[in-house]
2 protein chains.
Amino acid sequence: MSPQRRAGLGTNQEAVRRHNLGTVLRHVHRAGHISRAELTSLMGLNRSTIAGLVAELESLGVSERAHPVEGARQGAGRPSAGVRIAAEGPYVVAVDLGVDRAVVARVGLGGQVLQRAQAPVHDGGEAWQVGASVASLVRQVVADAPPAAPLVGIGISVPGLVRRTDGLIRLAPNLGWQDVSFGGIVLAALGVDIPVQLGNDADLGALAEHRRGVGVGVDDLIYISGNVGVGAGIIAGGVKLDGAGGYFGEVGHLPFGLAGLTCHCGNRGCWETEVGAHAIAEAIHCPADKVAQLDEVLDGYGEPPAQLRATGTALGHGLASIVNVFNPRMVVLGGYFRSLYSLVRAEVNAGLTERTLPAPLESVTLALPGLGSDSALLGAAEIALEPLFVDPVAALGTALVDVRAGLAG
Amino acid sequence: MSPQRRAGLGTNQEAVRRHNLGTVLRHVHRAGHISRAELTSLMGLNRSTIAGLVAELESLGVSERAHPVEGARQGAGRPSAGVRIAAEGPYVVAVDLGVDRAVVARVGLGGQVLQRAQAPVHDGGEAWQVGASVASLVRQVVADAPPAAPLVGIGISVPGLVRRTDGLIRLAPNLGWQDVSFGGIVLAALGVDIPVQLGNDADLGALAEHRRGVGVGVDDLIYISGNVGVGAGIIAGGVKLDGAGGYFGEVGHLPFGLAGLTCHCGNRGCWETEVGAHAIAEAIHCPADKVAQLDEVLDGYGEPPAQLRATGTALGHGLASIVNVFNPRMVVLGGYFRSLYSLVRAEVNAGLTERTLPAPLESVTLALPGLGSDSALLGAAEIALEPLFVDPVAALGTALVDVRAGLAG
DNA sequence: GGAATTTGTTGTTCGAGAGAACAGGAACGG
DNA sequence: CCGTTCCTGTTCTCTCGAACAACAAATTCC
């Protein structure tokens, strides 16, 4: 699931080709439209080698020749031909499973959302019901796709703990799920067998912001997600961290709460009891049935009341500990923290500065997501696309070619 | 400093050879004595390719042909010739800078300590004084080395924050240092210019235990070091985490302390105020001048007094949070925690079990260091050896060949 | 003792990237 | 307006490293 290669293996020449082909595609995916000259300098390979790789990608139907990139290089010399994602190229389906709604999108190489659909998800719905409605959304989203374009896979963002090895949803408290094989359920509802990847919403938010959001070029970042529960996704050295089981970054139960309130996990003083959605909702007397739309409620405020300012300070203090431990260059505040931070920015910053050690403080920045509320969705797309960058030929081999017929059921 | 390759680069054929040669050497280093047949299956390369790589390593003088490995394979077939570290092969010097003493060792490929020396370090000593005495220890340790053997580099373990980019010691509270370029000081005292690597003691402990200690084969582990201050080194996915500046894993200032004692960092309730050496010393009425030997004091106890049992519970509770966040497969308790854990194992385990979430708890193990008190020292050796595994030819090129003459000053 | 099995060795093949030579296309300078 | 300069795409050849095949060597098993 992670892009890390197995350590200790040797490299044969087939692996070289695979890696280089995948890396070219990764660059095209990142930039959308890039010149061959840029590819040569980015990858440090010879012009002729790049030409061969680009030609192979074109023959695979994933990229196509394009006009030179606008405003690329100023000066003399022959302009370099562009490479861009093919119009009828491969795509994936991304699913963002929220507490109250599911968003499904068709996302092409390059990270563009080509089509989108959503539907409400009933609280406490059974997994197979949710799976059926997700499958129906998938069919909608895929209906207008070019017939020749292959479907590479499905990526699903889940608000809960996802086991790394097999994508099993171990625990999703806000969905009321435990040990649910949601990937299999969706595939069964669709009646196909294609690669499915699942991930935690905070992890995927971090991945998306790192690749396409405010965190582009930032190799050490943390994405804190407020989505009823509080979680973090961590990118360290440019790599998404998973932990032994896939549960890396569960910061919601760190005991930052001085009041010592009891948490649903059984312990006391968890950070979630201070800055979790339910805690905030209670503090500002927000009705319980609107907790899922807490960000909209917060956006409605002009001036923050004192309770929110105190929450902002608590958020800043908690972030200080997180920064001390993870030493990130950037912390992205996602979910309802996005709205909260806009309201009480001063308090959060003060709380952070007050408690962070000097060394980690000097290089860290707080930021809002560059992808708005689509972070997790686009992160789901990224993990579904990942096989293409590891081995384009193999990934296209397992892709679903005749999508309409395949999903007709 | 970290073994991660720069992302986005292409692989040319020169890089392939470099990588494969380094990987063979890495395996020989790890195993000490390994058969060529094992190398072929581990690396997935052809027999003849491995033969060529091994021949090159032999011609470089880093490995030599050996008898077949004892008790390797049972069954028919020609026994596979062994590969082992050359007797007069390259070595490094490892330095473990402690609070009260410096240990210096000559360490060969394969991780064997070939020679060792130590000297007390005066509390509050100036960096140049410490540097001079370290340099003198280095000369001792190198004196009996085979004259043909090259010195690849120096690795230094420091109890403090080390900046990743240049190895500057940003802050070492227990040495009273701030912004000290200790690597340069030692090199100047030696009068040579060879590669020097510095690292935090907990980080290096984690690295060593992962490669040569209890954590062999465990790709997600945490090493908690108790050395006056409390810190953690984290290996995730088989890679040591550094963070943006190199300060990843500073867990000593997480606010786990319910009593809310004031810490030297200015905040309240830091974990160090509960399980730090000074806190423990105070709790058991240990004289202040023996804090540096806290482990020996603890080893003197037969039955733990109540105060230590409470400390054990606090340690367990803190570890629970750490396990929740980092989701490791193993937690190694180093420094004086080694002695403490042996005394109050039950309390630590109970505290951990009580507060860890079910999912991360089910896969985690507490362990004692497999390398005793040499973890940080051997970790320092590992980072000094690392260049050899990235590019053996280049690393041997920058190595010091005529060591006696070079260090004669 | 012969068959089976596994490995080391040697020479050849194959494939991917590097490099050189040439052509194409634009900006620049006069 | 035209030649120069600069950079890039294209094509062909070269080089190098890994794979492959065939054979020899060394051990176990029957």
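Here is how names work: the chains are called A, B, and so on, in the same order as the sequence lines, proteins then strands, and each is numbered from 1.
- Among the protein residues, Arg65(A) comes within range of the sugar-phosphate backbone only, with heavy atoms under 4.0 Å from sugar or phosphate atoms but none that close to a base.
- Rounded to whole Å, atom C1' of dT7(C) lies 15 Å from atom CD1 of Ile34(B).
- Contact record, Arg211(A) with Val216(A): O-CG2, 3.4 Å, taken as the closest heavy-atom pair.
- Phosphate contact (OP1/OP2 of dA16(C), side-chain N/O of Asn20(A), threshold under 4.0 Å): absent.
- For Ser80(A) and dG9(D), the shortest distance from a side-chain N or O to OP1 or OP2 is below 4.0 Å.
- Taking a cutoff of 4.0 Å between a charged side-chain nitrogen and a carboxylate oxygen, Glu386(A) and Lys240(A) do not qualify as a salt bridge.
- Straight-line distance from the CD atom of Glu56(B) to the P atom of dC16(D): 13 Å, rounded to whole Å.
- Side-chain atoms of Ser48(A) come within donor-acceptor range of the base of dG19(C), with a qualifying N/O pair under 3.5 Å.
- Per the geometry, CZ belonging to Arg47(B) stands 11 Å off C1' belonging to dC23(D), to the nearest Å.
- Arg84(B) has a carboxylate O that lies under 4.0 Å from a charged side-chain N of Glu64(B), or vice versa, which qualifies the two as a salt bridge.
- Between Thr49(A) and dA18(C) there is a side-chain N or O to OP1 or OP2 distance below 4.0 Å.
- Rounded to a whole Å, the CD1 atom of Ile50(B) is 17 Å from the P atom of dT10(C).
- Counting only heavy atoms from C-beta on, Arg78(A) has its side chain closest to dC7(D) among dA19(D), dT28(D), dC7(D).
- A straight line from CG of Asn46(A) to P of dG15(C) spans 20 Å, rounded to a whole angstrom.
- Between Asn12(B) and the phosphate of dG17(C), there is no side-chain N or O to OP1/OP2 separation shorter than 4.0 Å.
- The Ala76(B) side chain lies nearest to dT28(D) when the options are dT10(D), dA18(C), dT28(D).
- Arg36(B) has a side-chain polar atom (N or O) that falls below the 4.0 Å cut-off from OP1 or OP2 of dT9(C).
- When the P atom of dA18(D) is taken as reference, atom CG of Leu39(B) falls 14 Å away, rounded to whole Å.
- Between Gln13(A) and Thr40(A), the residue anchored closer to the 5' end of DNA chain D is Thr40(A), taking for each the nucleotide with the nearest heavy atom.
- Between the CD atom of Glu38(B) and the P atom of dT6(C) there is a distance of 15 Å, given to the nearest Å.
- Across all strands, Arg17(B) comes closer than 4.0 Å only to sugar-phosphate atoms, never to a base (heavy-atom distances).
- Nucleic acid contact for Ala51(A): none, since no nucleic acid atom lies under 4.0 Å from a heavy atom of the residue.
- One atom, CG of Leu45(A), and another, C1' of dA16(C), lie 11 Å apart when rounded to the nearest Å.
- Leu241(B) and Ala236(B) make their closest contact through CD1-CB, 3.8 Å (heavy atoms, listed as atom of the first residue, atom of the second, distance).
- For Glu14(A), the CD atom counts as loosely surrounded, since its 6.0 Å shell holds 12 or fewer non-hydrogen atoms of other residues, nucleotides or ligands.
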